2 protein chains.
Amino acid sequence: MDDALAFSGLVLALSGQLVQEIHTGVSQQGFEDLRPAHGFAFAHISVGGATTADLAEHLGVTKQAAAQLVEELVRKGYVERHPHPHDARARLLGLTEIGWAATRAADRAARAAVAPWQEALGEERFSELVADLTLLAPPGPIRPAW
Amino acid sequence: MDDALAFSGLVLALSGQLVQEIHTGVSQQGFEDLRPAHGFAFAHISVGGATTADLAEHLGVTKQAAAQLVEELVRKGYVERHPHPHDARARLLGLTEIGWAATRAADRAARAAVAPWQEALGEERFSELVADLTLLAPPGPIRPAW
DNA sequence: CTATATAGACAAGTAGCTTGTCCAAATGGA
DNA sequence: TCCATTTGGACAAGCTACTTGTCTATATAG
């Protein structure tokens with residue numbers, strides 16, 4: 001059997017479907033000005049303590065690209081810039097209440113996308129699946145890939 | 001435990017890593033002018049019988065974008081356009097020998113990326129994993145997602 | 001205290017997509 | 001068979017998310 005090659009296709013197919021459904025779900029909850037890539041930024045900013053340069057490294061893009069993304073999210077009301085307590089050059093990024101609301105909407109959409117799969121496999125088998133995938137997942141940051 | 005949310009993150013993380021490794025592997029095998037998105041086009045063209053319009057629908061982009069992608073792949077020597085036997089407007093797309101070589105390189109890279117995971121879980125458990133994911137995977141075309 | 005590194009901003013250029021328009025060939029209905 | 005509509009593909013222009021390059025102010029290390 002060529003499980004290895006099949007696995008690649010399956011992971012790509014699932015991830016594509018997942019991204020699509022989360023994006024659609026988030027839009028339908030009223031956040032129509034967010035795109036899939038923004039989710040990765042939210043995930044990093046929501047942890048707290050992130051600067052634009054941190055975000056750039058996390059996303060694997062240039063500082064310039066990260067600065068533009070932050071500027072866009074600030075303009076749309078999802079992100080705030082605060083002075084950095086120990087570095088007068090840097091600005092700490094944080095989510096606004098709207099930013100948190102969008103994050104919760106994305107979580108809901110993700111759960112909704114996964115629910116049918118969870119049901120199809122059954123709770124127990126699904127838990128084993130998650131456990132297996134946890135062993136495989138790389139420790140690094142989650143980034144958009146193409 | 002919130003398996004559903006964890007599952008989303010895991011799938012995205014794995015797919016990101018997978019895309020990255022396949023791209024790197026393909027580049028290292030001498031195909032440095034190919035990007036991840038090209039793989040999805042190769043997958044469709046390699047089946048045979050595809051036109052540019054088919055490809056556009058498969059990739060979920062406009063005919064224009066597909067035409068530009070085909071033009072690029074033709075220029076780089078991966079794809080050929082043949083006359084369509086039953087439709088004087090259309091052109092049948094096919095892979096050149098170089099195109100097939102690139103496809104094989106991508107397969108090798110995918111296997112290499114998956115191999116450590118296969119080993120980490122063990123053959124049997126990995127096979128069950130593939131079986132589970134097969135149940136979940138949507139039937140439609142595999143597309144780049146963001 | 002000086003040299004180097006870093007956070008962020010300003011400016012310009014690029015690549016991969018989009019919309020809009022058009023033509024020629026295919027298709028379907030009367 | 002003729003005409004109306006659809007479809008495959010091409011040409012042109014524009015947009016957007018990125019890039020590289022340069023600069024200033026602040027921080028850090030020797």
Side-chain angles (χ1 to χ4, degrees), chain A residues 16 19-20 23 27 32-42 44-45 48-76 78-94 141 143-146, chain B residues 16 19-20 23 27 31-42 44-45 47-76 78-94 141 143-146:
Chain A
V19 169
Q20 184 55 51
H23 180 228
S27 285
E32 300 174 24
D33 53 359
L34 290 177
R35 285 169 300 101
H38 293 142
F40 299 91
F42 276 60
H44 191 60
I45 296 173
T51 66
T52 298
D54 293 337
L55 184 61
E57 195 189 347
H58 176 78
L59 295 177
V61 299
T62 58
K63 283 192 302 176
Q64 218 49 22
Q68 288 172 23
L69 195 143
V70 167
E71 174 57 31
E72 180 190 354
L73 292 178
V74 167
R75 182 169 41 78
K76 290 179 175 174
Y78 295 104
V79 169
E80 285 172 334
R81 282 183 275 237
H82 305 288
H84 192 292
H86 305 316
D87 190 335
R89 298 168 303 175
R91 326 272 317 247
L92 276 185
L93 302 177
R143 302 176 173 170
W146 66 84
Chain B
V19 168
Q20 184 54 51
H23 180 227
S27 284
F31 303 96
E32 300 174 25
D33 54 0
L34 290 178
R35 286 167 301 102
H38 293 143
F40 298 90
F42 277 60
H44 190 61
I45 295 173
V47 174
T51 65
T52 298
D54 293 337
L55 184 61
E57 195 190 346
H58 176 78
L59 295 177
V61 298
T62 59
K63 284 191 302 178
Q64 217 46 26
Q68 288 172 22
L69 194 143
V70 167
E71 173 58 32
E72 180 191 354
L73 292 179
V74 167
R75 182 170 42 78
K76 291 179 175 173
Y78 295 104
V79 169
E80 286 171 333
R81 280 184 275 236
H82 305 289
H84 192 292
H86 305 316
D87 190 333
R89 298 168 304 174
R91 326 270 320 244
L92 276 184
L93 302 177
R143 303 176 171 169
W146 66 82

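Keep in mind that this is a model prediction, so the values were computed, not measured.
- Atom C1' of nucleotide dA7(C) and atom CG of Leu92(A) are separated by 12 Å, given to the nearest angstrom.
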Take Leu93(A) and Arg81(A), measure what side chain to side chain contact (heavy atoms under 4.5 Å, CB included) needs, and give me the verdict at the end.
CA-CA 5 Å; Leu93(A) 302 177; Arg81(A) 282 183 275 237; 3.7 Å; yes
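- The side chain of Gln64(B) approaches dT18(C) more closely than any other nucleotide in the set dG8(D), dG8(C), dT18(C).
- Of the candidate nucleotides dA9(C), dT19(D), dA26(C), dT19(D) has the atom lying nearest to any side-chain atom of Val61(A).
- Counting only heavy atoms from C-beta on, Gln68(A) has its side chain closest to dA12(C) among dC17(C), dA25(C), dA12(C).
- Of the options Arg89(A), His84(A), Arg91(A), a side-chain hydrogen bond (donor to acceptor under 3.5 Å, both in side chains) to Asp87(A) is made by Arg89(A) and by none of the others.
- Between Thr52(A) and dA7(C), a side-chain N or O to OP1/OP2 separation shorter than 4.0 Å is absent.
- The side chain of Ala88(A) approaches dT26(D) more closely than any other nucleotide in the set dA9(C), dT26(D), dG8(C).
- Rounded to a whole Å, the NE2 atom of His84(B) is 10 Å from the P atom of dG8(D).
- Here the P atom of nucleotide dA17(D) and the CG atom of Leu59(A) are 14 Å apart, to the nearest Å.
- Comparing Arg89(A) and Glu72(A) by the nucleotide of DNA chain D whose heavy atom lies nearest to each, the residue mapping closer to the 5' end is Glu72(A).
- Atom P of nucleotide dG8(D) and atom NE2 of His82(B) are separated by 19 Å, given to the nearest angstrom.
- If you measure from atom CG of Leu69(B) to atom P of dA10(D), you get 13 Å, rounded to the nearest angstrom.
- When every heavy atom of Lys63(A) is checked against every heavy atom of Ala56(A), the shortest pair comes out as CA-CB, 3.7 Å.
- Ala65(A) comes within contact range of at least one nucleobase, with a heavy-atom separation under 4.0 Å.
- Thr62(A) comes within 4.0 angstrom of a base, heavy atoms only.
- Here the C1' atom of nucleotide dA17(D) and the CD atom of Glu71(A) are 15 Å apart, to the nearest Å.
- We find that CG of Asp87(A) is positioned 5 Å from P of dA27(D), with the value rounded to whole Å.
- Residues Arg35(A) and His86(A) both approach DNA chain D. Their nearest nucleotides, taken by heavy-atom distance, put Arg35(A) toward the 5′ side.
- Considering CG of Leu34(B) and CG of Leu73(B), their distance stands at 7.0 Å, rounded to 0.5 Å.
- Across all non-hydrogen atoms, the minimal contact from Pro36(B) to Val19(B) is CB-CG1, 3.8 Å.
- What separates CD of Glu57(A) from P of dG8(C) is a distance of 13 Å, to the nearest Å.
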